[in-house]
Protein chains: 2
Amino acid sequence: MAAPPGRMPVMADVARAAGVSHQTVSRVLNGHPNVRAETQARVLAAIDELGYRPNSSARALVTRRTGVIGVVAVDTAHYGPARTLTGIEHAARAAGYYLSVVTLTEASAGQVREAMDHLARQSVEGYVVIAPQRSVLEGMPEWAGGSPVVAVEGGEARELPVVCVDQEGGARMAVRHLLELGHRTVGHIAGPRDWLEAESRVAGWRGALEEAGAPVGEPLFGDWRPRSGYELVRSLVERDALPTALFVANDQMAVGALRALAEAGVRVPEDVSVVGFDDVPEAAYYSPPLTTVAQDFTEVGRRGIGILLDLLDSGEPAAESAAREVVPARMVVRASCGAPAR
Amino acid sequence: MAAPPGRMPVMADVARAAGVSHQTVSRVLNGHPNVRAETQARVLAAIDELGYRPNSSARALVTRRTGVIGVVAVDTAHYGPARTLTGIEHAARAAGYYLSVVTLTEASAGQVREAMDHLARQSVEGYVVIAPQRSVLEGMPEWAGGSPVVAVEGGEARELPVVCVDQEGGARMAVRHLLELGHRTVGHIAGPRDWLEAESRVAGWRGALEEAGAPVGEPLFGDWRPRSGYELVRSLVERDALPTALFVANDQMAVGALRALAEAGVRVPEDVSVVGFDDVPEAAYYSPPLTTVAQDFTEVGRRGIGILLDLLDSGEPAAESAAREVVPARMVVRASCGAPAR
DNA sequence: GGAGACATTGTTAGCGCTAACATTCCCCCC
DNA sequence: GGGGGGAATGTTAGCGCTAACAATGTCTCC
């Protein structure tokens, strides 16, 4: 009746302790109807007493469901992906799923493929890929081997269900805000070329300018890091090509931009207005506090899991449905923008 | 010989295709010696042709090893934990392990316990806990149910193997740096009271001051967020209690502090010197660029997995060994510090 | 040429669980 | 009072894999 010698208790031990068959224990564990309340209580007491834990491998073997979702995350050291991961994790856990995470140092197709391979060996039931690069999304459905895949922050990939923030809308809001303040046009420090988010932000910037009949210059492409924002703005200053307003594709590059402007003796917002993107927690405390576009990363993660679970439940073989959910962006106005000098 | 109808191929299908027994297939898969090269080639060809993948649940059921490591992470949205997670993930994957991650919104004992429970249901082989709070570490070994646990960034927990950055040493370096510049003493904006890292940084700060015979004031306790740095420094300014040098326990609060100083018309570094902690990527581009203490989070993650794998290999039942590894911190000098005004 | 050693392969028996079917028991109603 | 029906439980047969042992074949050396 006590704990068995040495080894962990198994279902049969519980059954013996409770004086029932192992199948009845299984029924209690899985919440089947047609178990007498008194029997159930006895089984639960035995489980508790022995400290029994069901063996997940044995269950997975027979049910053919591991309850594990694979997550491929590009660079969780950045604010956005890290928050998205948190959203995904909470939603998955709330639904009773486990999360197996692979992080990539570099968003190459090869690394993504290898990551998905790794996850496949663990028999994940589906994938969530935080993969904001075009090149990464292309081979995706094929690598998943028929399991459902949801891309998160993946722009408008056609073959895949996708959840993303309305990057283009957010960029439009930012640029409109600057135009409304009276700026003749707005320069753009963009993210890297291959990134879908960067592309959408460029499109929003361009769209808002064209809509207003404002001149559209060439965007400058950075790499998301503060250093590139710094260097690109420095080059603008040196070429004497600084516009009165700058839309920078993320807050990190915006910090670099602010720094370059400060070093050049350019005042923000008196001489140049700056808008960022992301609304990192520090943004309110930069010098000056940064006007930016906030994204609800947690919501993005939650919806990604929502779509994936729907796909798993419906037994949809792959990306047939191609759901696409767009989470709105939100403008956060702070002190880094003003009317242009006369 | 072709793929079996409908279902995924299993080992027996491969065996049939290759004209061997399923056991020989198993031997090839597990790299056993004593398989003829020609046989191995035939098996591999069959595996490839059928697109066979071993079933991880079946293997785990018989080997009693899932190959999964559970990670409990507190707030991966912060820079440090996110980077540490990346380090852990890479090290684990390189060793052939899978990572199951749970993130907590709040570092309460209850949440940690629940997280470890969740992971236990998945039969993880061991745990890595990124848990920098004292309260969280106390019940840990018990919750792990005999599986090995390694605490990462967990200060000097006694009952647990631990990997951490030399917080105290880092803090000492920061304070010494300021004293060497000629400051009579150094004020401290600390992290939350319950956090071990915060405690160690306070200890380092206090130690360096006492060593130099400098007066030791009361540290002010923030919550790691920019806002608290801002408000605490504002309160110092209002009480006219601003020292000539400030050691702020993390870069985020330091940004808030810089902002408060700027608003009060206090120049950095001319009037007040500031040192942060973490060396976030933006630190070099703050106004002014922030002198800070860098931590090698990736290395911390790697060593955490290293210890855990040793524990798993040695079959050590629990935290008997109580290894403790300390990763040195590194001072990064930028423009936010200078000699005090006469 | 035969004994022994060793390399190579096959056979069998579970790992701990759930699904499917079988059995028992009890109650109700004609 | 017997038969039908459903609730409650038990029995059996795998899920796909590896470990242990058994059975070959092959080589060496005296």
Side-chain angles (χ1 to χ4, degrees), chain A residues 3-44 46-47 50-68 96 120-125, chain B residues 3-44 46-47 50-68 96 120-125:
Chain A
R7 66 181 172 75
M8 295 292 286
V10 300
M11 197 174 268
D13 298 315
V14 175
R16 206 171 313 116
V20 296
S21 75
H22 67 266
Q23 182 60 253
T24 298
V25 177
S26 170
R27 277 193 269 257
V28 170
L29 245 30
N30 292 290
H32 277 234
N34 303 348
V35 175
R36 216 153 31 111
E38 197 259 337
T39 309
Q40 171 171 332
R42 241 181 26 246
V43 168
L44 290 176
I47 287 174
L50 297 181
Y52 167 73
R53 311 205 86 126
N55 180 312
S56 57
S57 302
R59 170 179 282 174
L61 180 57
V62 55
T63 59
R64 292 149 185 291
R65 303 206 54 173
T66 54
V68 179
R121 274 194 293 278
Q122 202 190 351
S123 314
V124 299
E125 294 187 27
Chain B
R7 66 181 172 76
M8 294 293 284
V10 299
M11 197 174 266
D13 299 316
V14 175
R16 206 171 311 118
V20 297
S21 74
H22 69 267
Q23 182 59 251
T24 298
V25 177
S26 170
R27 278 193 266 259
V28 170
L29 246 29
N30 293 289
H32 277 233
N34 304 347
V35 176
R36 212 150 36 109
E38 197 257 337
T39 308
Q40 171 172 333
R42 247 190 10 255
V43 169
L44 290 176
I47 287 174
L50 297 181
Y52 167 74
R53 310 205 86 126
N55 180 313
S56 57
S57 302
R59 168 179 283 174
L61 180 58
V62 56
T63 59
R64 293 150 185 290
R65 304 207 52 175
T66 55
V68 179
R121 275 194 293 278
Q122 202 190 351
S123 315
V124 299
E125 294 186 29

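In what follows, chains carry the letters A, B, and so on, assigned in the order in which the sequence lines appear, proteins first and then strands, with residues in each chain numbered from 1.
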*asked:* What contact category does A:Thr24 fall into here, base, sugar-phosphate, or nothing, at under 4.0 angstrom with non-hydrogen atoms?
replied: sugar-phosphate
*pair B:His22-B:Val10: side-chain heavy atoms closer than 4.5 Å*: no
*Does the A:Thr66 side chain pair with the main chain of A:Ser123, one donor and one acceptor, at a distance under 3.5 Å?*
yes
*Quickly work out the A:Arg121 CZ to D:dC17 C1' distance and round it to whole Å.*
17 Å
*For A:Asn30 and B:Gly19, take the nucleotide of DNA chain C holding the closest heavy atom to each; which residue's nucleotide lies nearer the 5' end?*
B:Gly19
*Can you check whether A:Leu29 reaches A:Ile47 side chain to side chain, under 4.5 Å on heavy atoms?*
yes
*asked:* Of the options C:dC17, D:dT18, D:dC17, whose atoms approach the side-chain atoms of B:His22 most closely?
replied: D:dT18
*Considering only heavy atoms and no angle criterion, is a donor-acceptor pair shorter than 3.5 Å present between the side chain of B:Arg53 and the base of D:dG16?*
no
*Between P of D:dC15 and CE of B:Met8, the distance in whole Å*: 16 Å
_Within the 4.5 Å heavy-atom criterion, are B:Leu44 and B:Gln40 side-chain neighbours or not?_
yes
_Whole-Å distance separating the CZ atom of A:Arg27 from the C1' atom of D:dA7_ = 11 Å
*Phosphate oxygens OP1/OP2 of C:dC17: is one of them under 4.0 Å from a side-chain N or O of A:Thr63?*
no
_Rounded to whole Å, please give me the gap between CD in A:Gln23 and C1' in C:dC17._
9 Å
*When all nucleic acid strands are considered with a 4.0 Å heavy-atom cut-off, which category describes B:Pro54: base, sugar-phosphate, or nothing?*
sugar-phosphate
*Please work out if B:Asn34 contacts a base, only the sugar-phosphate, or nothing of the nucleic acid, heavy-atom cut-off 4.0 Å.*
base
*A:Tyr52 side chain, from C-beta outward: closest of D:dA8, C:dC17, C:dA19*: C:dC17
*Rounded to the Å, how far apart are B:Arg59 CZ and D:dG16 C1'?*
11 Å
*Are any of A:Arg64's side-chain N or O atoms less than 4.0 Å away from OP1 or OP2 of C:dT18?*
no
*Where the side chain of A:Val35 is concerned, which of D:dT18, C:dT18, D:dT9 is the nearest nucleotide?*
D:dT9
_Expressed as a whole number of angstroms, how long is the span from A:His32:NE2 to D:dG6:P?_
19 Å
_Run A:Asn30 and A:Arg59 through side chain to side chain contact (heavy atoms under 4.5 Å, CB included) and show every step you take._
CA-CA 11 Å; A:Asn30 292 290; A:Arg59 170 179 282 174; 3.3 Å; yes
*May I ask you to evaluate whether B:Ser26 reaches the phosphate of D:dC17, defined as a side-chain N or O under 4.0 Å from OP1 or OP2?*
no
*asked:* Quick check against the 3.5 Å criterion: does B:Thr39 have a side-chain atom that pairs as donor or acceptor with the backbone of B:Val35?
replied: no
_Length of the CZ-P vector between B:Arg42 and C:dT8, whole Å_ = 14 Å
_Side-chain N or O of B:Arg36 closer than 4.0 Å to phosphate OP1/OP2 of C:dT9_ = yes
*Looking across every strand, which nucleic acid part, if any, lies under 4.0 Å from A:Ser57 by heavy atom: base, sugar-phosphate, or nothing?*
nothing
_Could you tell me how far apart A:Asn55 (CG) and D:dC17 (C1') are, to the nearest whole angstrom?_
13 Å
*Most 5' of B:Pro33 and A:Ala12 on DNA chain C, judged by nearest nucleotide*: B:Pro33
_By nearest atom, which of the nucleotides C:dC15, C:dC17, C:dA19 is closest to the B:Val62 side chain?_
C:dC15
*Go through C:dG16, D:dA19, C:dA19 for me and flag the one nearest to the A:Leu61 side chain.*
C:dG16
